[in-house]
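Heads up: the structure comes next, in structure tokens.
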Amino acid sequence: MKSTAKLYAYQAVATAINLLFPFFSFPYITRVLQPQALGTVNYIDFITQFFIGLALFGTPLYVVRNTALYTKDKDALQTFASQIFSLRLLMITISVIGFLLLCVLSPQANNSFSLVALGAINIAVSGMQSDSFLQGLQQFKFIAWRTAIIKLATLLLLFAFVTSPADTSFYYLILVSAVAVTTITDLFFLKLQGLRIRLTSKIKTQLKASTVFVSINLCIATYYSLGVYLLGLTAGLLAVGFFTTALKLQGYFQTLIRDAGLVGLPQVTQLQTQASDKQPHHLLHQTATLLFFLVLPVSCLLYLFSDELIQIFAGTQYSPSAPLLRILAFLPVFTGISNVLGIQGLLGLNHEQLLLKSVAWASALFLISTPTIFIWPGAHTLAWLLLSVEAVVCLLTYYHLSKVAPFQINVYFVLQQIFLGITLCLLTTTVLKWSNMQGLWKIGTGAVLFLALYIITHRFVLKNPALQLISKALHQVILTKKRWL
């Protein structure tokens, strides 16, 4: 088995690149396209993402897990890959037709023929993406290099060809072209690895096996893509521009913790097949604890500096996005933890039905709550709905995992982290108000102060032997009385 440290290191490189790319592209695009034009592109793109999930038919997570299982059996892996891509071709056709029909019925999409056409192409090339095979084979080094080269080329093209709000089609064309090049590059690399993909009509097995996974993806897409679609219908494309700006900005920071579940999934799956009862759960504990430690400062800093981040990354014309970012700042907490518990935990331990239950209940909650978007049309309503739904997913995922595995969260540690986050937020806010700093100086000073206090507290206060003894004692009491979080 490959070194976990090296896998996380390569994934960290790819993650850093994905973070650096919007650091340069996001401020440029938001200022050049302006809220209305950007809202138009994002409206089409969010609809597209729903149908990309359908075209992939839930196979990315399924492929990562099963590729890890077939790593030592090339014939079985080749048969599996051929069946998956044959299934995807069928689903791409259905998805493109569905996307075009929905765009015809949408007044906001009727006047954007070029964007709709590019959206259809995006569905087709994204449906053939094979990075999930690379993740299952643990080829994170190749992923890191490929990501760096394509992101750099994309950035240069954006600077060269997107210069005014009229260039929305060029902007979307460049993004779709980057996806196409990524797909072709990954397929070529798999061919070099000896993986021969052939079309086959024997897709019934994979169709049946993937049904749970596509259901998971579609449930998640329901409250994101459908939410933006309804926002466009009720509040207009300008509101979509403000909302998606805040959503994407927190999403870039969320990248820090989003992929950790996929890095650990192949290892958990392999350990599970080796009938090891202890090691998979130990890995889950490590990853969940590490992520909770990392995600809290990310969310707190997003909350503290929402106004400054929007002003720096998007400009003053996007000021309505700042309060939305304050609401969405805590999405990484819920999505990060639920990704580890759901992807690395439930999927890695072959309990995908329980993950489906978690996201299905959350999706049902969103659908029941959609009348609020019509009663109080606006981006704030959608932001609160998404945050609530993700919190439900996180809690349900933990509940289901605790029922099938010896995995329990230390409630004292969680409460300790929440109290620490609130305390440091108040302290940092007080110091910054007293200093009267602005812009980058405020962000830099505040971030250094918050992180320094966060690390010092963990290093010298929370590591105190007496506090650790209390933590262990309380944890044992909670486990004994079966009072789950």
I need the Phe242 CZ to Leu247 CG distance, nearest 0.5 Å.
15.0 Å

Apply ring-ring contact (aromatic ring centres under 6.0 Å, His included) to Phe374 and list each qualifying residue two or more places apart in sequence or on a separate chain.
none

Side-chain touch Lys357/Leu346, heavy atoms, less than 4.5 angstrom:
no

Leu231 and Phe46: CA distance, side-chain angles, deciding distance, side chain to side chain contact (heavy atoms under 4.5 Å, CB included) verdict:
CA-CA 11 Å; Leu231 180 63; Phe46 268 79; over 6 Å; no

Out of curiosity, Ile174 CD1 to Leu118 CG, how far, rounded to the nearest 0.5 Å?
11.0 Å

Heavy-atom closest contact (Leu56 atom, Ser126 atom, distance):
CD2-O, 3.4 Å

Excluding sequence neighbours, so at least two apart, what forms ring-ring contact (aromatic ring centres under 6.0 Å, His included) with Tyr303?
Phe330

Nearest-0.5 Å distance, OG1 of residue Thr182 to CD1 of residue Ile150
3.5 Å

Would you compute the distance between atom OG1 of Thr244 and atom CG of Leu324 and round it to the nearest 0.5 angstrom?
10.0 Å

Give a yes or no on whether the backbone of Ile47 and the side-chain of Ser225 come within a donor-acceptor separation of less than 3.5 Å.
no

What I'd like to find out is whether the side chain of Phe334 reaches to under 4.5 Å of the side chain of Leu387, using heavy atoms alone.
yes

For the backbone of Val359 and the side chain of Ser363, can you confirm whether one donor and one acceptor N or O come within less than 3.5 Å of each other?
no

Of all heavy-atom pairs linking Pro297 and Leu451, the shortest is CB-CD2, 3.8 Å

Before you tell me yes or no, could you show the steps for Ile84 and Arg88 under side chain to side chain contact (heavy atoms under 4.5 Å, CB included), namely the whole-Å CA-CA distance, both residues' side-chain angles and the distance that decides it to 0.1 Å?
CA-CA 6 Å; Ile84 288 295; Arg88 285 185 180 180; 3.7 Å; yes

If the condition is ring-ring contact (aromatic ring centres under 6.0 Å, His included), which residues does Phe133 pass it with, not counting sequence neighbours?
Phe85

Output, in order, the C-alpha distance, side-chain angles, deciding distance and verdict of side chain to side chain contact (heavy atoms under 4.5 Å, CB included) for Cys425 and Leu304.
CA-CA 7 Å; Cys425 278; Leu304 286 172; 4.1 Å; yes

Would you say the side-chain atoms of Thr381 pair up with the backbone N or O of Trp376, donor to acceptor, closer than 3.5 Å?
yes

Taking the side chain as every heavy atom from C-beta outward, state whether Leu386 and Phe243 have any atom pair closer than 4.5 Å.
yes

For the backbone of Leu102 and the side chain of Ser106, can you confirm whether one donor and one acceptor N or O come within less than 3.5 Å of each other?
no

To check you understand the geometry: which heavy-atom pair defines the closest contact between Leu382 and Val228, and what is its length?
CD2-N, 4.0 Å

Any heavy-atom pair between the side chains of Thr168 and Thr40 that's under 4.5 Å?
no

Below 4.5 Å, heavy atoms only, C-beta onward: do Phe24 and Leu158 meet side chain to side chain?
no

Any idea which heavy atoms bring Gln417 and Tyr454 closest together, and the distance?
NE2-OH, 2.7 Å

Using a 4.5 Å cut-off on heavy atoms from C-beta on, say whether the side chain of Phe26 contacts that of Lys248.
yes

Heavy-atom side-chain contact between Tyr172 and Thr48 under 4.5 Å
yes

Any side-chain donor near an acceptor of the partner, Tyr43 and Ser112, under 3.5 Å
no

What I'd like to find out is whether the side chain of Phe51 reaches to under 4.5 Å of the side chain of Ile92, using heavy atoms alone.
no

Closest heavy-atom pair and its distance - Val393, Thr397:
O-OG1, 2.6 Å

Contacts under 3.5 angstrom, residues 310-320 side chains, donor-acceptor by atom type, not counting sequence neighbours:
{"unit_1": "Tyr318", "atom_1": "OH", "unit_2": "Thr30", "atom_2": "O", "d": "2.9"}
{"unit_1": "Tyr318", "atom_1": "OH", "unit_2": "Gln34", "atom_2": "O", "d": "3.3"}
{"unit_1": "Ser319", "atom_1": "OG", "unit_2": "Thr316", "atom_2": "O", "d": "3.3"}

Looking only at heavy atoms, which two atoms of Leu301 and Ala447 are closest? And how far apart?
CD2-CA, 3.9 Å

Test side chain to side chain contact (heavy atoms under 4.5 Å, CB included) applied to Asp45 and Asn122, step by step:
CA-CA 9 Å; Asp45 188 55; Asn122 193 14; 3.9 Å; yes

Please identify each residue that fulfils salt bridge (Lys or Arg N to Asp or Glu O under 4.0 Å) with Asp186, with sequence neighbours left out.
Arg146

Any residue meeting side chain to side chain donor-acceptor pair (under 3.5 Å) with Ser306, in chain and number order, not counting sequence neighbours
Arg326

From Leu341 CG over to Leu354 CG, what is the distance, rounded to the nearest 0.5 angstrom?
12.5 Å

What is the distance from atom CG of Leu356 to atom NE2 of His400, rounded to the nearest 0.5 Å?
10.0 Å

